[in-house]
Amino acid sequence: MGIGIEKALEIADRVEAFVRDVVVPYERDTRRDHHDAPTDELVMEMREKARAAGVLTPHILPDGSHLSQRETAIVLERTGLSPLGPLACNTGAPDEGNMYLLGKVGSPEIKERFLTPLVEGRARSAFFMTEPAAEGGAGSDPSMMQTTCRPDGNHWVINGRKAFITGAHGAKVGIVMAKAEEGACMFLVDLPDPAIRIERVPNTIDSSMPGGHATILIDNLRVPADQMLGHAGDGFKYAQIRLSPARLSHCMRWYGACVRANEIATDYANRRHAFGKPLIDHEGVGFMLADNMIDLKQAELMIDWCAGVLDTGALGTAESSIAKVAVSEALMRIADRCVQVMGGSGVTSDTIVEQVFREVRAFRIYDGPTEVHKWSLAKKVKRDWKAAQAS
């Protein structure tokens, strides 16, 4: 699987040149929705330029095959050099994870109808799993899912409410999770659909994802049976296929963003003088940037290690939890230091440093909060200990 690291680096270099030369100037573009996220008009304009530059959906090859995870990391880290980069290159969440899942388990008909528009960058998607916490619905624990589905002739009927559904507003493709008597199910749906109503899109700390994070009412949604992924009860199995790579691709993209934030902070510290010398020569500042160098290298190696595990064909559930915790916490420290190094300039929107800080803070929660991953890992420690005692 894959094309080799050298060829992946060639793609990554082209991606980086495109992001730095073409996408970065768009960071000043005022086309934003009322949640400060880029509008679809802006996204599609950038994607046309990415298509012309040959860097649209660069992690999926023309024959539909996917780069290996290690190769994907090399490419997605470069798209992350701007918060707009994943949108422009079509490597962002939730589309990247949805494309990966459909590429793995979708039928030929589902791939043609739902996957192709995503890979071509002509449509956005949403993954409908999380539910309102106030109603006891699924969040970090998907077994709490309350959205139901029942067969009705050659259709299934879905009812429930979903929350924090990234990109739902404006999406053309939806993957809806619901529970049947047989267990969890996944369905592909065309959007918009009158039976899927956006109740609200709350203001959130992050602002890089078009469509925001909506609360959704699903009211008697009828879906043809052939739009179910696999069979009834396969939903959690398929969620696991998507889960680890999606966790890791978040790490890849935000690693790239923190590389850029650190570049900006480093440039500031070398140019800005205070108390008779450049800021970099003050240990309080210089040591923060040294710590950033350490954290960036550790994050890079953790991503590569986990990607290597996934490339063996393993689900990598524990490994992706380890990587998600280690990388998200390291990136939070990096983003925080970048703000601190830049002082007042760091809390303004004059650079992307302030936005990266907000985005990475949110990253510590989505795809599983740090504490949930640690709890899961602690259970594994206990299981492994018991197994060792029994052997």
Side-chain angles (χ1 to χ4, degrees), residues 1-3 5 8-9 11-12 15 57-60 65-81 83 85-86 89-105 125 127 129 140 142 166 206 208-209 237-259 295-332 334-335 356 359-360 362-370 372-374 376-377 380:
M1 181 175 67
I3 59 174
I5 297 300
L9 283 168
I11 295 173
V15 166
T57 327
H59 59 298
I60 298 178
S65 62
H66 202 287
L67 297 186
S68 73
Q69 288 298 308
R70 291 188 69 210
E71 295 160 0
T72 297
I74 293 169
V75 174
L76 263 62
E77 287 166 1
R78 308 291 183 91
T79 68
L81 289 167
C89 295
N90 197 27
T91 63
D95 295 337
E96 184 270 334
N98 292 340
M99 287 188 282
Y100 181 86
L101 174 63
L102 296 182
K104 287 288 186 182
V105 304
S125 62
F127 189 76
M129 185 180 77
S140 297
T166 302
D206 62 330
S208 66
M209 300 179 185
K237 178 179 71 175
Y238 290 159
Q240 288 296 317
I241 291 172
R242 183 186 188 277
L243 187 62
S244 293
R247 285 176 185 163
L248 192 60
S249 63
H250 275 306
C251 295
M252 300 169 189
R253 291 183 292 265
W254 294 123
Y255 169 85
C258 283
V259 166
D295 275 338
L296 281 169
K297 179 53 67 174
Q298 290 177 334
E300 177 190 2
L301 295 174
M302 185 67 76
I303 291 169
D304 183 71
W305 163 73
C306 183
V309 171
L310 296 182
D311 281 338
T312 68
L315 280 177
T317 303
E319 291 85 354
S320 66
S321 283
I322 292 169
K324 202 277 181 176
V325 170
V327 174
S328 66
E329 296 296 331
L331 297 186
M332 186 72 238
I334 293 164
V356 171
E359 303 286 350
V360 172
F363 174 39
R364 291 178 61 215
I365 293 174
Y366 55 65
D367 271 40
T370 292
V372 170
H373 287 294
K374 287 183 176 180
S376 175
L377 291 168
K380 174 175 169 52

Can you sort out the partners of [X] under side chain to side chain donor-acceptor pair (under 3.5 Å), two or more places apart, ordered by chain and number?
X	value
E77	none
S125	D95, N98
E300	K297

Q.
Within the 4.5 Å heavy-atom criterion, are L9 and R78 side-chain neighbours or not?
A.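 Yes, close enough: below the 4.5 Å cut-off.
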
Check your understanding: Are the side chains of I322 and M302 in touch, meaning some heavy atoms are under 4.5 Å apart?
Key -> yes

Not counting sequence neighbours, which residues clear salt bridge (charged side-chain N to carboxylate O under 4.0 Å, His left out) with R247? List them please.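 Partners of R247 by the salt bridge (charged side-chain N to carboxylate O under 4.0 Å, His left out) criterion come out as none, since no residue qualifies.
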
- Item | salt bridge (charged side-chain N to carboxylate O under 4.0 Å, His left out) partners for K380, two or more places apart |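 Scan of K380 (salt bridge (charged side-chain N to carboxylate O under 4.0 Å, His left out), adjacent residues dropped) gives D384.
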
**OP:** Could you tell me which non-hydrogen atom of S140 sits nearest to which non-hydrogen atom of P142, and how far apart they are?
**Re:**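 Where S140 meets P142 most closely, the heavy atoms are O-CD, 3.2 Å.
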
Inset, instruction - For Q69 and Y100, run side-chain contact (heavy atoms from CB on, under 4.5 Å): C-alpha distance rounded to whole Å, both residues' side-chain angles, the deciding distance at 0.1 Å, then the answer. - result: CA-CA 11 Å; Q69 288 298 308; Y100 181 86; 3.7 Å; yes

* To do: Start with the C-alpha distance between M99 and T57, add both sets of side-chain angles, then the distance that settles side-chain contact (heavy atoms from CB on, under 4.5 Å), and finish with yes or no.
  => CA-CA 10 Å; M99 287 188 282; T57 327; 4.2 Å; yes

| said: If we count only N and O atoms by modelled type, under 3.5 Å, do the side chains of S321 and S376 hold a donor and an acceptor together? | reply: no

Has H373 got a side-chain atom pairing as donor or acceptor with S320's backbone, closer than 3.5 angstrom?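 Not confirmed, H373 side chain does not pair with S320 backbone.
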
- Short side-chain to backbone donor-acceptor contact, D311 and R70, under 3.5 Å: yes

Side-chain donor-acceptor pairs of residues 324-331 under 3.5 Å, sequence neighbours excluded:
| from | atom 1 | to | atom 2 | distance (Å) |
| --- | --- | --- | --- | --- |
| K324 | NZ | F363 | O | 2.6 |
| K324 | NZ | Y366 | O | 3.0 |
| K324 | NZ | G368 | O | 2.9 |
| S328 | OG | K324 | O | 2.7 |
| S328 | OG | V325 | O | 3.3 |
| E329 | OE1 | R364 | NE | 3.4 |
| E329 | OE2 | R364 | NE | 3.0 |
| E329 | OE2 | R364 | NH2 | 3.3 |
| E329 | OE2 | T370 | OG1 | 2.6 |

One should read off an interatomic distance between L296 CG and C258 SG, to the nearest 0.5 angstrom, of 7.0 Å

